[in-house]
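Notes follow the structure.
By convention in this document, chain letters (A, B, ...) are assigned in the order of the sequence lines, proteins followed by strands, and residues within each chain are numbered from 1. The basis for the numbers below is simple: all heavy atoms, side chains too, and nothing from hydrogens, waters or symmetry mates. On a predicted model such as this, the values are computed, not experimentally measured, just so you know.
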Amino acid sequence: DKEYKHKEHKKDKEREKSKHGNSDHKDLEKKSKEKEKMKHKDGNKDKHKEKRKEEKTRITSMCAMSIKLIVAMETKVCTFTFLTRRVFVFRAEFKPKKIKTENDKKAKKRKQEDEVSRDLTDIKSKKTKSKKGEAADGKKKAKQEPEEKWKWWEEERYTDGVKWKFLEHKGPVFAPPYEPLPSNVKFYYDGKPMKLSPEAEEVATFFAKMLDHEYTTKDIFRKNFFKDWRKEMTSEEKSTITDLKKCNFSEMSEYFKAQSEARKAMTKEQKQKIKEENERLLQEYGFCIMDNHKERIANFRIEPPGLFRGRGDHPKMGMLKRRIRPQDIIINCSKDSKYPTPPPGTKWKEVRHDNKVTWLVSWTENIQGSIKYIMLNPSSRIKGEKDWQKYETARRLKKCVDRLRAQYREDWKSKEMRIRQRAVALYFIDKLALRAGNEKEEGETADTVGCCSLRVEHLKLHPESEGQEFVVEFDFLGKDSIRYYNRVPVEKRVFKNLQLFMENKEPDDDLFDRLNTSILNKHLQELMDGLTAKVFRTYNASITLQQQLKELTNADDNIPAKILSYNRANRAVAILCNHQRAPPKTFEKSMQNLQTKIDAKKDQLSDAKRELKSAKADAKVRRDEKSKKAVETKRKAVQRIEEQLMKLEVQATDREENKQIALGTSKLNYLDPRISVAWCKKWGVPIEKIYNKTQREKFAWAIDMADEDYEF
DNA sequence: CAAGCAACTTAGGAATCTACGA
DNA sequence: TCGTAGATTCCTAAGTTGCTTG
């Protein structure tokens, strides 16, 4: 009984189920049988429960805010969807496969380009406005940027899973080799200086560099580090160094601190030199040629070795992330391209030519054994098309979401447990924008969950709470060990179902024991082509932005006020998606500074008011022009100061509201950029106010194609 | 089916840059 | 002009999804 884990639990039920068939009676009947069986369970699971509870507590007033928002949202989204649906029916719809037929001219041009030399350097020198080239060309247009930006969104897409026809690149940039410490920087063991072998020394420096991070005080971190460090030691070192507590890295640590100080104190010229070197590297390795276009690579540098830092309570924190060598690298490029050359004296693990994938370089990482990739920048065609497609799928969901909602509400009443669970889970995913929640291997990663992997301990049911009925309180760690805390009133039927699902279960049993992401996604696929759990997040995020923008934007506001509205709408989405950040380290301080400013302003205001008063009194007595004028001046001063004060206070509220909310993630990954572009065009807000340079590059397609009456 | 692999998107924090106010 | 806060970029971990294999 003690060994009884929820996995077994699941299987037991399944076995039982197949014996009895699927009828509801049996299904639910069986539950009471199990009741008996499970009575004897003991509660030895409290240990890790404790652990789970003691995480960061980032949540504050946000919860209340988010509840309000979500409730408001729900009603509004529904009406909104309803109202706009008809409009959509009569509109020419987007065709997901073919965007626009390439016009003949373009097609011809493309063919011609195909003939052109495909050598990377050739194309590069053609594209970069090299000064020499320009001078030689003489007549060329003076300072034109590289040339017109390629509008890939006006061209036809590959439809058959092919990602490219031609791919050429220079391979990755490896981490710089290890530079041994100068001999005056010593490591001490048990108080005595000790010279380490280069291998052991390198790993020691990783630890030394992190010394003032609290990571290094954690038991698991230290244990994992020490174990992996010992693997790098010579046998003598291994026999001497047996206790991490006796290791003194402080001289090493000081040395690195001094180095980084020195780096900061470098002269402008030195800094410039480094910058130029980086630029050179970028120019050489940061681009590839994919189908006749030069595209930016996202991460062309191989991850340097170091100590693994997981997020949250990660069982592998502190392990050594080993150095990646050329023989670990798989290169992917066209057969007919100039292959990247491995560093002298080395070989690639493999060179392959798979045009059904988008990566250029891959290697296997040693902590989780997963594969890492070098891929293209978000501004590239290959990423952009995918992004666009993502929003189109979300828009298709918009068209059928009413039907789906009706369906899952119906399913809450199903005779079959698995269907009820599926329907309630889907309700959470839709209403609360939860992630799908794959199951994870225990002990390999931090204990985090999503919708399908919720456990009984993650929610509390309150039949009545603070004047509301059927309140569900969620409290769990989601992706990146970010806490999700929320109290939501749900429909009675959902509530009753939850009670049923939780009946006779231990806190660490799965809430949805007959459901996983694969079952859920398979079901969604049947409801709509291309539908998966994450589409709901995209859909709800984008529709919320659109709706909030409509609601919050004031036609007569000036631009800054409109931008504030935009940020508020963006914030609503960030709250919905639970995009949090640690309050900036300097937050308290900067808030205090602001408060001091406000206080000073207040003092100034009362001074000004006092002066105004006395000026008035003075004017009353004197009754001359001069003193009247003085009163006016003072009055104006008061007014001005009041305005300034107000501005500061608004700023303070804004900053406070944003304390733990990260807007960037939703802006970059969830909000259909065309909504923002349309909003900017409609209200005359320059797009630069909403998207910075990088974002404008990523969303170039949207900026180019959306007009002011774009509807998500 | 389940487990594991592969490919790709989403994510927050650290490092670095830049612009603004004392 | 300088220091710093806030913005931007970099970094890479941690998810989702679909596919393969046993």
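- Among the heavy atoms of the strands lying under 4.0 Å from A:Lys479 is at least one base atom, whether or not backbone atoms are also near.
- The distance from atom CD of A:Glu365 to atom P of C:dG15 is 14 Å, rounded to the nearest whole Å.
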5' to 3', nucleotides 1-12 of chain C under a 4.0 Å protein heavy-atom cut-off (B base, S sugar-phosphate only, - none) gives ----SS-SS--B

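- In this entry the distance linking CD of A:Gln368 with P of B:dG4 reads 14 Å, nearest Å.
- One interatomic measurement links the two molecules: CD1 of A:Ile371 to P of B:dC8, which rounds to 11 Å at whole-angstrom precision.
- Between A:His579 atom NE2 and C:dA14 atom P there is a gap of 16 Å when expressed in whole angstrom units.
- Classification of A:Lys264 and A:Glu261 as a salt-bridged pair holds, one side-chain N sitting under 4.0 Å from a carboxylate O.
- When the P atom of B:dA2 is taken as reference, atom CD1 of A:Ile519 falls 7 Å away, rounded to whole Å.
- At a threshold of 4.0 angstrom between heavy atoms, the contacts of A:Lys163 are confined to the sugar-phosphate backbone, with no base atom among them.
- Not counting sequence neighbours, A:Phe206 has no partner by the ring pair (Phe, Tyr, Trp, His ring centres under 6.0 Å) test.
- For the pair A:Arg581 CZ and B:dT10 P, the computed distance is 21 Å after rounding to whole Å.
- Ring centers of A:Tyr691 and A:Phe699: under 6.0 Å apart, within the cut-off.
- Looking at heavy-atom distances under 4.0 Å, A:Arg537 makes contact with sugar-phosphate atoms alone, never a base.
- A:Glu365 and A:Ser370 share a side-chain donor-acceptor pair at under 3.5 Å.
- Within the nucleic acid shown, A:Gly369 has no heavy atom closer than 4.0 Å to any nucleic acid atom.
- Comment: A:Arg674 engages A:Glu392 in a salt bridge, judged by a side-chain N to carboxylate O separation of less than 4.0 angstrom.
- Between A:Asn438 atom CG and B:dC8 atom C1' the separation is 14 Å, expressed in whole Å.
- For A:Arg322, the salt bridge (charged side-chain N to carboxylate O under 4.0 Å, His left out) criterion is met by A:Asp328, not counting sequence neighbours.
- For A:Tyr670 and A:His579, the gap between ring centers is short of 6.0 Å.
- A:Gly478 comes within 4.0 angstrom of the backbone, heavy atoms only, and of no base.
- The residue A:Ala446 sits apart from the nucleic acid: no heavy atom pair falls under 4.0 Å.
- Rounded to whole Å, atom C1' of B:dC5 lies 12 Å from atom CD of A:Glu441.
- Each of A:Leu668 and A:Ser362 was assigned the nucleotide of DNA chain B with the nearest heavy atom; the assignment lying further toward the 5' end belongs to A:Ser362.
- Across the interface with DNA chain C, nearest-nucleotide mapping of A:Arg309 and A:Gly437 shows A:Arg309 to be the residue nearer the 5′ end.
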